[in-house]
Amino acid sequence: MKMKDIPTAYDPHTVEEKWYRYWLDNGYFTPEIKPEKTPYTIVIPPPNVTGALHMGHALDNTIQDVLVRYQRMQGNPTLWLPGMDHAGIATQARVEADLAQQGISRWELGREKFLDRVWEWKEQYGGQIIGQLQRLGASCDFSRERFTMDEGCSQAVREVFVSLYERGLIYRGNYIVNWCPQCHTAISDIEVEYEDSGGYLWYVRYPLADEDGYITVATTRPETILGDTAVAVNPRDERYGHLLGKEAVLPVVGRRLPIIADYYVDPAFGTGAVKITPAHDPNDFEVGQRHGLDQISVIDLDGKMTAEAGKFRGLDRYQCRQQLVQELKAGGYLVKAEDLVHAIGHCSRCNTVIEPLLSKQWFVKMKPLAEPALEVVKGGQITFVPKRFTKIYCQWVENIRDWCISRQLWWGHRIPVWYCHDCKAEIASREDIDYCPACGSNNIYQDPDVLDTWFSSALWPFSTLGWPEQTNDLAYFYPTSVLVTGRDIIFFWVARMIFMALPFMNEVPFRDVFIHGLVLDAQGRKMSKSLGNGIDPLEVIEKYGADTLRFMLITGSVPGHDLRFQWERVEATRNFANKVWNVARLALLNLDDFDPGEIDVSTLDFILADRWIRSRLGTVRDQVVAFIEDYDLGAAARTLYEFIWDEFCDWYVELAKLRLYGDQVKERRTAQYVIWEVLECTLRLLHPFMPFITEEIWQHLPGSGESIMMAPYPEAAIRRDRVAEEEFSLIQEVVRGIRNARAEINVPPTRKARVIIQADARAVSLLTETAPYLKSLAWASEVVPGPIRGEKPAQAVSFITDGVEVYLPLADLVEMEKEIARTQKEITAMEAEIKRSERMLSNRGFLAQAPAKVVEKERQKEVAYKDKLVRLKERLSSLQGKQ
RNA sequence: GGGCGGAUAGCUCAGCGGGAGAGCACCUGCCUUACACGCAGGGGGUCGUAGGUUCGAAACCUACUCCGCCCACCA
């Protein structure tokens, strides 16, 4: 297709699919292992199989894709390894919900058949998100795609579990866990979300057993009274010293409770006396351990009262609370109920109120793993970006508690432990076993529970590269270069990967951790299903294209900060894409007869504008590189935006048109060359951010290769030309001045005007040289440069800048009063500036302590201002004289 | 109870020691043969409050106010 036939507005739809397929078909996403080169590796934060692409993913993966495409172009063997997470609870719940529609429960189906259904579901509906990532342009190596439940990952899980078990770092025990009565499983501490809510603090009298009187305790969960086995006070609390060793009687139940002393009790809270329920509170559990108290479980796995609750048996925990409070009141035990706002734990998955209860579960002992994991971060082997996340990580790791890893689910990695019915042996094994290695019995069974999903995620950076096998991939691509993720999973995932990598790989899992913010809605709220305020990235891609979505997300992002999604910004970015498209059209329309391969650069005749834009391009390239290396992708993208739109399109291209459309061959060649050079180079700089449009245009350019994504990244080859930048800025000043003067008196662009310029010799020669360009940029009929002392037209609008006086003799349009007023206003402004400058330069502190450069700059300003003031005054008196 | 982030033009946000910036919105001209998803020009801000450091502070320090996150076993 000829460029001339291409529409004036960029249409992403036809382009994106075509090029993505092309990249895929050519295997560009699969790196070549080159031992002499340093690889660049990112493993994707595996999205849930049940998941669909949301804005957070779009941002997270765009960032990764920018980094990866940048590195690939730099010539580093680059691997971005994709994959998915089996997402235990989420997936199981999903399939159970489908079954429920057919009136089937998983229990009816049985474990094996249920799991078959889950796998079926996974094959059929799971993993849509991978296709959605492709729509985004993600350049993952799909030949290496992994799944946390695939063969290799499962092997890694077994190896790690058994190995930790053998080292005594995984143990099984009866402890208080966070139990979700809805999901029917234990969950880890970080899966509990605390939320402040209003409740009551009930004060209850426990009568003393062998004498008159009572001791009053306070509780927020009266139903747990049924499980009380002691009352505790602080040993230093004089109010209660005389009661120590005595007993109280539990109201309603009648059980005798010892009154014990424990430093856990805060004398200042409530009454200073605490009821102790070892089976339903983690602190009470510990108190119970210290004092050898009974553990009485009164709430069961459904959140209902157990037989131990006596007549309350079978009641829901909240019904029981109500009834018990009534009874306490009736019996005269209830002293009062105070309003109390306190944090209540909810299941992060289903939002049900968590019930702490006693349960036999598997745990990972964290302290021994945490120590090295803290050191590698403090020692700088892993760097968090932005830095402040280091502190968040460290504080959490320092206060870490053991990790409950068993889940009462079916979908997940089944715990590789078998129990012998006969000899009661407990065997952790890397392979499935069918008889007891201790006693030879085949009367054994495997632990029914599965592991926390995050257990397998924690191994992701090395399990995906083949571990526990010593593969080439593992040897070459590990450790990974950077982990890109949101701050919400620092604890869930980032920390645990570090914990697990160190003992098994003896090496950090990644060098850098780049934390980005959340994508919020236009009002600044989290996007969530319940609020219904989420915006589907695919909708944006359909309407505006993937490049637009990507660039919008990147330019709007600042490392570690949240960003708001706004359709206005999407549109503005679409406009930018269109700008790029159209400047490319302009270029291509004029490059028909141009072949960069045939150009001998030394024969070209570069003019000021050429030297200026080439110099700027070099600077921009260096800035972009510096920003990317610093993970400030937003700044990199914004730099390119401004360069392309403001400098290349609005200044350079406008200037180049004259030569492009002119009949001087050499001039035209030069302009063609520079436009081609700058455009081609800029496209490569832009490619990591906007892969599709850049490829489409690049393929149309003469002399391009196979694919822009495999083209080398621009080198810092073009030297900066300060003279050109300085001289060009004078031209810009003059052009802007003329445009402004014309606008002041409403001269339509159709009316050309003579421009008379008076300046010093150097500026005159510069402006003479560039006169044709001034004409075209500032709608001039003629540009007449001359020395300062020349004739100054009276009936004219004028302005003075950088030692240059400019007159537009538009006699019929000039109103002398307005001209005088304008000039006077400028004089006033200039006098103020001079005053400010003089004040600074007469300040001894400034002269003595400010850097010489700054002082010098200020001196130059003062001189320029004074010069300008003199000229303005001359101009004023001349105007007044002619009036 | 601790910790972190934010407060800059009407809106959304950059800037983070040397004279206040962008996009959108607004006003005035323009369909100038790449682009009206555009071009040119313009208006608009005591940079949350109060102190301090400095020759110089939107930027650094301290306190405070408001918004938003995160962590924490006071029953």
Side-chain angles (χ1 to χ4, degrees), chain A residues 3 8-10 176 189-190 194 201 217-221 224 232 264-266 268-271 273-277 281-286 340 342-343 345 356 386 388-389 391-392 395-396 399 401 487-488 490-491 517-518 520 522 524-526 544 555-556 558 560-564 566-569 571-590 634-635 638 641-642 646 649-650 653-654 657 661 735-736 739-744 746-750 776-779 833 836-837 840 843-851 853-855 857-858 861:
Chain A
M3 206 64 196
T8 61
Y10 173 60
I176 296 282
D189 292 342
I190 51 176
Y194 289 90
L201 184 61
V217 300
T219 181
T220 54
R221 295 188 297 154
T224 63
Y264 151 70
V265 180
D266 175 5
F269 189 88
T271 61
V274 186
K275 59 188 271 318
I276 301 296
T277 321
D281 182 280
N283 295 309
D284 291 8
F285 175 83
E286 284 174 21
L340 180 76
H342 63 141
R388 64 189 150 87
F389 291 104
K391 201 169 144 192
I392 294 174
Q395 278 174 0
W396 187 73
N399 297 304
R401 296 162 61 193
R487 60 161 164 272
D488 47 336
I490 293 177
F491 305 147
L518 266 43
L520 309 173
R525 301 168 304 179
K526 257 187 197 174
Y544 294 91
T555 49
V558 178
H561 285 216
D562 294 344
L563 80 127
R564 295 191 194 195
Q566 294 174 110
W567 284 105
E568 303 84 74
R569 288 205 54 247
E571 269 179 46
T573 310
R574 183 270 319 266
N575 294 351
F576 173 67
N578 195 238
K579 193 73 187 175
V580 173
W581 180 251
N582 273 290
V583 76
R585 281 186 72 233
L586 178 277
L588 287 160
L589 287 169
N590 292 285
R638 277 176 248 129
Y641 178 103
E642 281 161 24
D646 301 345
C649 293
D650 288 348
V653 168
E654 288 308 318
K657 278 177 182 174
Y661 299 153
V735 169
R736 279 196 271 256
R739 286 169 173 172
N740 171 270
R742 290 175 56 108
E744 289 275 343
N746 288 318
V747 190
T750 41
S776 83
L777 290 183
W779 310 287
E833 285 304 302
R836 191 195 59 80
S837 212
M840 274 178 90
N843 180 335
R844 281 190 198 177
F846 178 71
L847 294 176
Q849 285 178 261
K853 244 189 355 204
V854 176
V855 176
K857 203 172 138 199
E858 200 55 43
K861 276 193 234 166

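Chain letters run A, B, ... following the sequence lines, proteins first, then strands; residues in each count from 1.
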Checklist entry - When you match Asn575(A) and Leu563(A) each to their closest nucleotide on RNA chain B, which lands nearer the 5' end? => result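 Upstream on the strand: Leu563(A).
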Checklist entry - Base, sugar-phosphate, or nothing: which does Ala572(A) touch, judged by heavy atoms less than 4.0 Å apart? => result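 Touches sugar-phosphate only.
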Checklist entry - OP1 or OP2 of rA34(B) less than 4.0 angstrom from a side-chain nitrogen or oxygen of Tyr661(A), does that happen here? => result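 Indeed, a polar side-chain atom of Tyr661(A) lies that close.
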Checklist entry - Any side-chain N or O of Arg739(A) less than 4.0 Å from the OP1 or OP2 oxygen of rG41(B)? => result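 For rG41(B), OP1 or OP2 has a side-chain N or O of Arg739(A) closer than 4.0 Å.
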Item to check | Enclosure of Arg401(A) CZ (heavy-atom neighbours >12, cutoff 6.0 Å) | outcome: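 Atom CZ in Arg401(A) is not crowded, with 12 or fewer foreign heavy atoms closer than 6.0 Å.
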Checklist entry - Can you find a donor-acceptor pair, distance only, under 3.5 Å between Arg574(A) side chain and rC37(B) base? => result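 Under the 3.5 Å cut-off, the side chain and the base do form a donor-acceptor pair.
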Checklist entry - Is a donor-acceptor pair below 3.5 Å formed from side chain Glu654(A) to base rA40(B), judging by atom type as modelled? => result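 Counting by modelled atom types and ignoring angles, no donor-acceptor contact under 3.5 Å is found here.
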Checklist entry - Asp650(A) side chain: which of rC37(B), rA40(B), rG41(B) is closest? => result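 For Asp650(A), the side-chain atoms sit closest to rA40(B).
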Next on the checklist: Nearest to the side chain of Thr8(A), heavy atoms from C-beta on, is which of rU12(B), rG18(B), rC35(B)?
Outcome noted: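 Among rU12(B), rG18(B), rC35(B), the one nearest the side chain of Thr8(A) is rC35(B).
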Next on the checklist: I need a per-nucleotide contact map over nucleotides 70-75 of chain B, read 5' to 3'. Cutoff is protein heavy atoms under 4.0 Å; write B for the base, S for backbone only, - otherwise.
Outcome noted: SS-BBB
Item to check | Range-with-range stems for RNA chain B, at least three Watson-Crick or G-U pairs under 3.5 Å | outcome: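 RNA chain B forms these stems: B:1-7 with B:65-71, B:10-13 with B:21-24, B:26-30 with B:38-42, B:48-52 with B:60-64.
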Item to check | Same-atom distance (C1') from rA50(B) to rA9(B), integer angstrom | outcome: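 Approximately 24 Å lies between the C1' atom of rA50(B) and that of rA9(B).
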